[in-house]
Amino acid sequence: HAKEIGESNFQFFSQEMNRASIERLQIESSLRLALLRKEFHLVYQPQVDLATGRITGMEALVRWRHPELGMVSPARFIPVAEDTGHIIEIGQWVLREACRQTRHWHDRGFIGLQVAVNVSARQFRQDDFAGQVRQVLEETGLAPECLELELTESMIMQRPERVVAVMDELRAVGVKFSIDDFGTGYSSLSQLKRFPIDKLKIDQSFTRDIGSDANGSAITCAIIALGRSLRLRVVAEGVETAEQQCFLIENGCHSMQGYLFSRPVEAGDFHSLLLLQTLPAAL
Ligand code: C2E
Ligand code: MG
Ligand code: MG
Ligand code: MG
């Protein structure tokens with residue numbers, strides 16, 4: 001009897017593994033054509049200043065509408081695209097589209113709106129990454145001060161001298177840098193000081209624990225204090241409750257991003273959010 005159970009378990013696991021590897025193969029093989037077929041688009045999630053309640057910018061997030069699989073989450077396909085190298089082309093498309101759209105909003109009167117774009121490790125490591133970014137800025141006419149590139153701790157800790165050189169080259173033009181998912185990596189205070197960073201984004205795993213978990217609150221406070229002492233802007237990711245927002249305000253966090261204010265939305269809906277805050281406050 002035990003043997004039977006063992007066998008059926010084995011069958012179950014191998015079927016699961018099969019399903020996962022088939023899906024991975026499907027993602028791998030269709031990534032190649034996804035750009036040509038225009039299956040990607042961007043959504044935008046506002047970043048809100050906690051002192052004024054106003055949208056100061058947004059993060060651009062890629063979406064993939066696959067003809068058979070439906071919406072495929074970036075958490076699933078970005079790692080695959082990293083492995084296959086497709087991330088290079090996808091990343092370039094994301095950067096250009098985000099800059100083009102932001103320039104468009106500037107032209108519509110929303111001057112100073114800042115866009116944050118995620119950069120993958122492989123994309124950043126290309127020899128000519130800085131040149132590519134400068135070219136996109138020229139082509140789209142976006143003010144470089146309004147582009148923020150999101151890097152991760154693990155990315156910048158690999159060959160830090162080279163990373164600093166690339167960052168310096170882009171900073172000279174005006175581009176900004178933030179550290180995404182901050183607190184989940186292994187960077188120490190002394191290491192962090194070496195990089196020309198403008199902003200820390202507190203990882204949503206810490207934000208989530210505010211109020212419910214003493215450690216989560218403590219880590220969030222520590223990151224805010226660290227960021228402020230280094231004269232960096234601090235943004236909390238994944239803010240879902242009013243309680244979390246209050247905690248962040250009380251503890252000196254500069255801005256927030258999360259479902260509480262808005263989910264990531266299509267460009268048209270983001271434009272509506274921008275228009276809403278130009279209306280005079282209700283009487
Ligand atoms: P990320 O850069 O840390 O982006 C934040 C993620 O948190 C987004 O997931 C966003 O939809 C989600 N989020 C925002 N607010 C909340 C909230 O209040 N609660 C919860 N539970 N989640 C929230 P998304 O869009 O699925 O992206 C996942 C990850 O995929 C991103 O994490 C980023 O690492 C990667 N990614 C997305 N777009 C791109 C891209 O264009 N290029 C690269 N290289 N990576 C990307
Ligand atoms: Mg990000
Ligand atoms: Mg993040
Ligand atoms: Mg992330």
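The heavy-atom pair separating Pro264 from Val43 by the smallest distance is CB-CG2, 3.7 Å. When all heavy atoms of Ile90 and Ala81 are compared, the closest pair comes out as CD1-CB, 4.0 Å. Ala130 and Leu170 get closest at one heavy-atom pair: O-CD2, 3.7 Å. Considering all non-hydrogen atoms of both residues, Gln45 and Phe270 come closest at C-CE1, 4.5 Å. Scanning both residues, Ser217 and Asp209, for their nearest heavy atoms gives OG-O, 4.0 Å. The nearest pair of heavy atoms linking Ala60 to Tyr44 is CB-CE2, 3.9 Å.
Residues Ser120 and Glu82 have side chains that bring a donor and an acceptor to within less than 3.5 angstrom of each other. Residues Gln204 and Glu237 bring no donor and acceptor atom of their side chains to less than 3.5 Å of each other. Side-chain polar atoms of His104 and Arg108 form a donor-acceptor pair below 3.5 angstrom. The closest side-chain donor-acceptor pair between Gln158 and Arg125 falls under 3.5 angstrom. Checking Gln244 against Glu240 by side-chain atom types alone, no donor-acceptor pair falls below 3.5 Å. In the model, His41 has a side-chain atom that pairs as donor or acceptor with a side-chain atom of Glu266 under 3.5 Å. In summary, the side chains of Glu59 and Gln47 do not present any donor paired with an acceptor at a separation below 3.5 Å, with no hydrogens or angles considered.
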Pair Leu113-Leu274, side chain to side chain contact (heavy atoms under 4.5 Å, CB included): steps then yes or no: CA-CA 10 Å; Leu113 192 67; Leu274 291 174; 3.9 Å; yes
Phe182/Val234 under side chain to side chain contact (heavy atoms under 4.5 Å, CB included): CA gap, chis, key distance, verdict: CA-CA 10 Å; Phe182 187 77; Val234 184; over 6 Å; no
Pair His254-Leu200, side chain to side chain contact (heavy atoms under 4.5 Å, CB included): steps then yes or no: CA-CA 10 Å; His254 298 105; Leu200 295 181; over 6 Å; no
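By the criterion of side-chain heavy atoms lying less than 4.5 angstrom apart, applied directly or through intervening Ile, Leu, Val, Met, Phe, Trp or Tyr residues, Val173 is not grouped with Val115; the two fall into different hydrophobic clusters. By the rule that hydrophobic residues join a cluster once side-chain heavy atoms approach within less than 4.5 Å of another member, Met58 and Phe40 end up as members of one cluster. Following chains of ILVMFWY side-chain contacts shorter than 4.5 Å, one can reach Val166 starting from Leu95, so the two form part of one hydrophobic cluster. Note: the hydrophobic cluster containing Val239 also contains Ile223 (ILVMFWY, side chain heavy atoms under 4.5 Å, direct or indirect links). Residues Tyr259 and Ile202 are members of separate hydrophobic clusters, defined by side-chain heavy-atom contacts under 4.5 angstrom among Ile, Leu, Val, Met, Phe, Trp and Tyr.
Side-chain atoms of Asp269 do not come within 3.5 Å of backbone N or O of Val265 as any donor-acceptor pair. Checking side-chain atoms of Arg103 against main-chain N and O of Gly141 turns up a donor-acceptor pair under 3.5 Å.
Heavy atoms of other residues, nucleotides or ligands lying less than 6.0 angstrom from CD of Glu89 number 12 at most. More than 12 non-hydrogen atoms from other residues, nucleotides or ligands lie less than 6.0 angstrom from CZ of Arg194. Counting heavy atoms of neighbouring residues, nucleotides and ligands inside a 6.0 Å radius, atom CG of Asp127 does not exceed 12 of them. The number of heavy atoms from other shown groups lying within 6.0 Å of CZ (Arg162) is above 12.
A salt bridge is absent between Glu138 and Arg134: the closest approach of a Lys/Arg side-chain nitrogen to an acidic carboxylate oxygen does not fall below 4.0 angstrom. Glu148 has a carboxylate O that lies under 4.0 Å from a charged side-chain N of Lys199, or vice versa, which qualifies the two as a salt bridge. Salt-bridge formation is detected for the pair Asp198/Arg171: a Lys NZ or Arg NE/NH1/NH2 atom is positioned less than 4.0 Å from an Asp or Glu carboxylate oxygen.
Taking the centre of each ring, Phe77 and His86 stay at or above the 6.0 Å mark.
With a 4.5 Å cut-off on side-chain heavy atoms, Leu147 and Cys99 count as touching.
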